[in-house]
Amino acid sequence: MATERTLSIIKPDATKRNLTGKINAKFEDAGLRIIAQKRIQLTKAQAGQFYAVHAERPFYDELCEFMASEPVVVQVLEGEGAILKNREVMGATNPADAAPGTIRAEFAESVGENSVHGSDAPETAKEEIAFFFSGLELVG
Ligand code: DAT
Ligand code: MG
């Protein structure tokens, strides 16, 4: 398996509860390296652009409001099979279905406020990293 990069977001419910360090420890314990990281406040329009693929879903407006409600920490994780590995560390979208020990099982509040985002495939990882970071900010 090749070394990959994936885009991660620590979402408002988690930054609000001061969980950034605990979540980062989960990534590092799984062998994922945090090679870029910044704390930013998204506008609702920026959140909408990032989640444009979900624009037709009934929860889209609520999702964009939530993502703009508090600062988020955007980061690039690097490692062997990082995209899938991060999805495993995150756990299922709905915390009720997330495996024990995963970030969402331990920290998520609901299916909507589920603490972390992670890219789901190589093409989306590339697009999502470029959405937040310039090449100069990625120090592998
Ligand atoms: P994931 O974040 O696991 O990739 P997704 O891409 O299907 O999940 O959805 C993106 C986000 O949208 C998800 O993290 C939280 C929100 N969401 C998804 N399904 C939802 C639902 N049924 N109700 C409310 N929010 C939902
Ligand atoms: Mg997704």
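Counting starts at 1 for both ligands and their atoms, following the listed order. Nothing here was measured: the structure is a model prediction, and the numbers come from that model. What's counted below: heavy atoms across the whole structure, side chains too, no hydrogens, waters or symmetry copies.
- With a heavy-atom cut-off of 4.0 Å, N114 touches ligand 1 through its side chain alone.
- Within the listing of ligand 1, atoms 25 (N) sit less than 4.0 angstrom from a heavy atom of G112.
- The distance from ligand 1 to the heavy atoms of R87 drops below 4.0 Å at these ligand atoms: 1 (P), 3 (O), 4 (O).
- At a threshold of 4.0 Å, the pair R5-E78 counts as salt-bridged, since one of the basic side-chain nitrogens sits closer than that to a carboxylate oxygen.
- The protein heavy atom nearest to atom 16 (C) of ligand 1 is F59 CE1, 3.7 Å.
- Of the charged side-chain nitrogens involved, none lies within less than 4.0 Å of a carboxylate oxygen, so that K85 and E4 do not count as a salt-bridged pair.
- The aromatic rings of H117 and F50 sit perpendicular, their planes meeting at an angle over 60°, well past the 30° parallel limit.
- Between D120 and ligand 1 there is no heavy-atom distance shorter than 4.0 Å.
- No hydrogens or angles considered: a donor-acceptor pair under 3.5 Å links the side chains of T3 and E80.
- Nearest protein heavy-atom contact of atom 3 (O) of ligand 1 is T93 OG1, 2.5 Å.
- Residue-ligand proximity: E113 is placed with every non-hydrogen atom at 4.0 Å or more from ligand 1.
- Of all the atoms in ligand 1, the ones that sit under 4.0 Å from a non-hydrogen atom of V111 are 15 (C), 20 (C), 21 (C), 23 (N), 24 (C).
- Using a 4.0 Å cut-off between charged nitrogen and carboxylate oxygen, E109 and R17 count as a salt-bridge pair.
- In this structure, M67 falls outside the shell of residues with a heavy atom less than 4.0 angstrom from ligand 1.
- The nearest protein atom to atom 2 (O) of ligand 1, hydrogens excluded, is given as R104 NH2, 3.0 Å; this is a heavy-atom distance.
- Residue contacts with ligand 1 include H54, since one or more of its heavy atoms lies under 4.0 Å from the ligand.
- Judged as a salt bridge (charged side-chain N to carboxylate O under 4.0 Å, His left out), the pairs with a partner in residues 125-138 (not counting sequence neighbours) are, in order, K38-E137.
- Residue contacts with ligand 1, taken as heavy atom pairs separated by less than 4.0 Å, do not involve E62 at all.
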